[in-house]
Amino acid sequence: MIKERLMKLREEMNKEGMQAYIIPTSDFHETEYVSEYFAARKYMSGFTGSAGVLVVLLDKAGLWTDGRYFIQAANQLAGSGIDLMKQGQEDTPSIEEYIVTNLTQGSVVGFDGRVMNVNDANKYKQAFMMHDIKMVTDKDLVGRIWDDRPALPCTETFHYDEKYAGKSISEKLTLVREAMKGYNCRSHIVTKIDEIAWLYNLRAHDVPHFPVALAYTIIKENDAMIYIDASRLDEESKTLFAQNHIQVKDYEAIYEDVKTLEGPVLVDGNFVNSKIVYSLNTEIVYAQDPIVLLKAMKNEIELANTRNAHIKDGVACTKFMYWLMQNVNNGISEMSAQEKLQELRKEQADYLEDSFNTICAYKEHAAMMHYSSNEETNVELKPEGMLLVDSGGQYLDGTTDITRTFVLGSITEEEKKWFTLALKGHIRLEKANFLYGCRGLNLDILARGPLWDLDMDYQCGTGHGVGHLSNVHEAPNGFRWKIVPERNDSCVLEEGMITSNEPGVYVEGEFGIRHENEMVVVKGNKNFYGQFMHFETLTFVPFDRKGIDKSLLSEDELAWLNDYHASVYEKISPFLTNEEAEWLKEACRPLE
C-alpha cells in the first residue's frame, strides 16, 4: 500500500517537474499532534510516531525521526522502500544535505507551504540556492492522491472560564500588546492553536487529546481578528470577542489579509507557516512569540486548579495500580489495561479526555519509548516482568502526564538495578535546589548522572513543559543535556513553569523503564548569592517498591522517597475504598 502511494506521489511530482518532495509532521499551525486531515506523513510512510519528516525523491525516500522512535520507525518502515534516518546520529545527514547530495543543478524541490514553518522553509531555501536547486512552496501533492482524506475538524468551541484560566481575554491582550511595543510592532500574527486557546480562553475538540480549535489571529494595537468558522463559536465567546474588539473572519481569509498589513509585523518563525510569511508586503520582525513565555508561567489560579487535577489523576492511577496487581493473573492485556485506566479517569469530576494516546507497554514493548498497543501487537500480561504505563488526562482544571513502571512478578537483578538507578536520577532532579537563571540544561545531569556513571543513557529529553488544559508538551521549558533548537525547551526556569521529570532506561528487545512526575518551579530562599529556586511535586502515585534495590539509594534519596510516599498516602487514601486504602498503606510503607 505504501509503495503504491509513493508511486502515485512520484507521478504527481513528475507532472510538476519536481525531483524531491518534503512532507513534515505538521498542520497549518505547527501543532505537535495533528488531526487526521493533516496526517500526510503517516499516510505516505506508514510511520505513526508524532515526530518525523518524509522526503521523497524519484528513486528513493528517507524518513527523519528522533531517538524516541528509532525502534518503532524501523519496524513500521520495513518493506516500504523508505530509509530510516536517525536524527542526532553522527552518520545521519540533514534533510537539506540528503537532498542536495542526491539532486543535480536545476532540480526542483516542492512542499506545501501551509505545513512548513518559515524558519524551516528559509533554511531549505538557503541550502538549495547554493546548489542552484529551485523551491516550489504551494503544492499539496499528497492531497491530490488522498481520495478518502478526512475532513478538516470543525468542533463547537467553549469558553474557558476565568475560574480555571485565571486571567481574562482583556488582561491577556494587554500583556501581548505591551510585548509588541517592546518590538515596535503594529501587528502580531499568531498561528499556534494552543497560544490562541490561551489568549482568548477558547477551547474545542479539533485535535485528539488536545482541546483546542484550529484558528489564526492577528493582534493589532487596538483591535484583533480571529480566523475561524463563526458558526462553530459558542455564544459566550462571541460576546466576549465583540466586547474586546475582536473581529471574527473566515478561516482561510488570513492569507489575503496579511497582504494588506502595514508597519512592522511580529512573527515567530518557528511557528508561522511559510505561505503566510511569504505573503507579507511589509517589514517583518522575527522574535519568539511573547505568548510562549506568558502561557508557560502559570498564574496562581491555574496552579491551584492543576494541583486539584493531579489529585484526581492520582486517585485514578492509584486505583489502576491496585486493580493491576489484583488482576495480573486474570488474563488482562496491554489494551484491556489501557482501557481500564481510561475508565478510572472517566470517573473523576471534570475529566474531558486523555491528554495523549496512552503508552501501555509490556516487557520488550517498553523499549520503544512511544509504543502504542494495537490489535496486532497486543499481548497478555503475566505475573512476571515489567509493565510501563505513560498516560495523562485533560481535566477542566488542568493537564496531567505520569509514567509508572509496574513490577508484575519476578524480574532480573539487572532490571532491578536499572529500575532503581532511573528512580535515583528522578529523585535527584526532584530534590534540586538551584539559583534563578538556571535552565534545564544545567540540571539535566542530576537525572542522567546515575546512568552516565555506567555508560548508559536514554535518547530523549528528561522532561518537557506541560500546558493548562492545553498541549501536554509545552515550550519553552524542559530538561535536556544539549540544545535541540527545534524543541525550544532550554529557557531559564521561571516561577510557575510546570515540567515533567522522566528519566528512563530502554534496552531493545528486553525491557523499558520510566519514572515520571510533573513538577512546578517555585521560589526558595533569597540571599547574598541570589534567588534560589526548587520544585514542588504535583504528581502523587506510588512508585513500585518491588523494583527498588534500596542499597543503590543514598540516605537522603531514601528519605525523599519515604516522604513522597507518605504524601501519596495522605492525599490519595481519602478517595479510595477501604481495601484500596489498606493496599496503598502497604505500597507506601517506608523503605528502611
Side-chain angles (χ1 to χ4, degrees), residues 20-35 37-42 50-55 63-66 87 94-96 99 109-129 135-143 183 185 187-197 207 210 212 214-219 227 251-252 254-255 258 261 265-280 284-293 295 464-465 471 473-476 478 483-491:
Y21 193 75
I22 305 173
I23 307 171
T25 303
S26 186
D27 56 13
F28 303 156
H29 309 273
E30 201 66 23
T31 308
E32 179 182 18
Y33 297 114
V34 299
S35 66
Y37 175 87
F38 293 105
R41 189 227 63 217
K42 180 174 76 172
S50 66
V53 177
L54 175 63
V55 176
L63 185 136
W64 280 253
T65 193
D66 60 51
Q87 287 176 319
S94 67
I95 291 170
E96 54 270 34
I99 291 174
V109 180
F111 56 81
D112 181 353
R114 297 172 300 172
V115 296
M116 180 82 70
N117 71 61
V118 71
N119 279 358
D120 284 346
N122 286 342
K123 176 184 66 175
Y124 294 141
K125 185 177 182 179
Q126 183 176 12
F128 298 157
M129 285 177 61
M135 195 168 80
V136 176
T137 66
D138 61 349
K139 304 296 181 182
D140 178 15
L141 300 190
V142 178
Y183 292 108
C185 288
S187 59
H188 176 29
I189 300 172
V190 182
T191 62
K192 201 82 162 44
I193 53 178
D194 55 291
E195 295 181 8
I196 294 167
V207 182
F210 190 14
V212 295
L214 298 183
Y216 308 96
T217 190
I218 298 175
I219 306 161
Y227 297 85
Y251 180 60
E252 294 289 342
I254 188 170
Y255 291 100
V258 295
L261 292 178
V265 178
L266 180 60
V267 167
D268 190 327
N270 288 315
F271 302 144
V272 181
N273 74 53
S274 58
K275 181 174 180 180
I276 287 175
V277 178
Y278 291 165
S279 299
L280 289 168
I284 303 171
V285 175
Y286 288 102
Q288 178 171 282
D289 192 325
I291 295 175
V292 172
L293 193 58
K295 177 175 177 283
H464 54 83
N471 40 339
H473 294 152
E474 177 182 74
I483 292 176
V484 180
E486 62 268 22
R487 300 299 296 179
N488 187 24
D489 58 2
S490 301
C491 75

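Here the structure is a predicted model, which means the values were calculated and not measured.
- Asn471 and Lys192 are not linked by any side-chain donor-acceptor pair at a separation below 3.5 angstrom, with hydrogens and angles left out of the test.
- At a threshold of 4.5 Å between non-hydrogen side-chain atoms, the residues Phe111 and Asp120 do not count as touching.
- Between Thr137 and Met116 there is no side-chain heavy-atom pair separated by less than 4.5 Å.
- Aromatic ring orientation, His29 versus Tyr251: tilted (interplanar angle from 30° to 60°).
- Judged by distance alone, the side chain of His188 and the main-chain N or O of Leu266 form a donor-acceptor pair under 3.5 Å.
- Val212 is not listed as a side-chain neighbour of Thr31, based on a closest heavy-atom distance of 4.5 Å or more.
- Aromatic ring pairs are classed by plane angle as parallel below 30°, tilted from 30° to 60° and perpendicular above 60°; the pair His473 and His464 is perpendicular.
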Derivation of the side chain to side chain contact (heavy atoms under 4.5 Å, CB included) call for Ile218 and Tyr227: CA-CA 9 Å; Ile218 298 175; Tyr227 297 85; 3.5 Å; yes
CA sep, side-chain torsions, deciding dist, call: Ile99, Tyr124, side chain to side chain contact (heavy atoms under 4.5 Å, CB included): CA-CA 10 Å; Ile99 291 174; Tyr124 294 141; 5.8 Å; no
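- Remark: side-chain polar atoms of Thr25 are paired, donor with acceptor, to backbone N or O of Gly52 under 3.5 angstrom.
- Residues Asp27 and Tyr37 are not in side-chain contact: their nearest non-hydrogen atoms beyond the backbone lie 4.5 Å or more apart.
- Between the side chain of Ser274 and the main chain of Gly113, a donor-acceptor pair closer than 3.5 Å is present.
- For the pair Lys139 and Tyr21, the NZ or CZ position fails the cation-pi test of under 6.0 Å to the six-membered ring centre and within 45 degrees of the ring normal.
- Contact of the Asn122 side chain with the Tyr278 side chain is registered, since non-hydrogen atoms from C-beta on lie closer than 4.5 Å.
- Side-chain contact, Tyr216 with Tyr255: a donor N or O sits under 3.5 Å from an acceptor N or O.
- With contacts defined as side-chain heavy-atom distances shorter than 4.5 Å, the pair Ile276/Phe28 does not qualify.
- Within the 4.5 Å cutoff, side-chain heavy atoms of Leu261 are placed close to those of Ile189.
- Under a 3.5 Å cut-off, the side chain of Ser35 and the backbone N or O of Val207 do not form any donor-acceptor pair.
- Side chains of Asn270 and Asn117: a donor-acceptor N/O pair is absent below 3.5 angstrom, by distance only.
- Considering only heavy atoms from C-beta on, Asp289 comes within 4.5 Å of Glu195 through its side chain.
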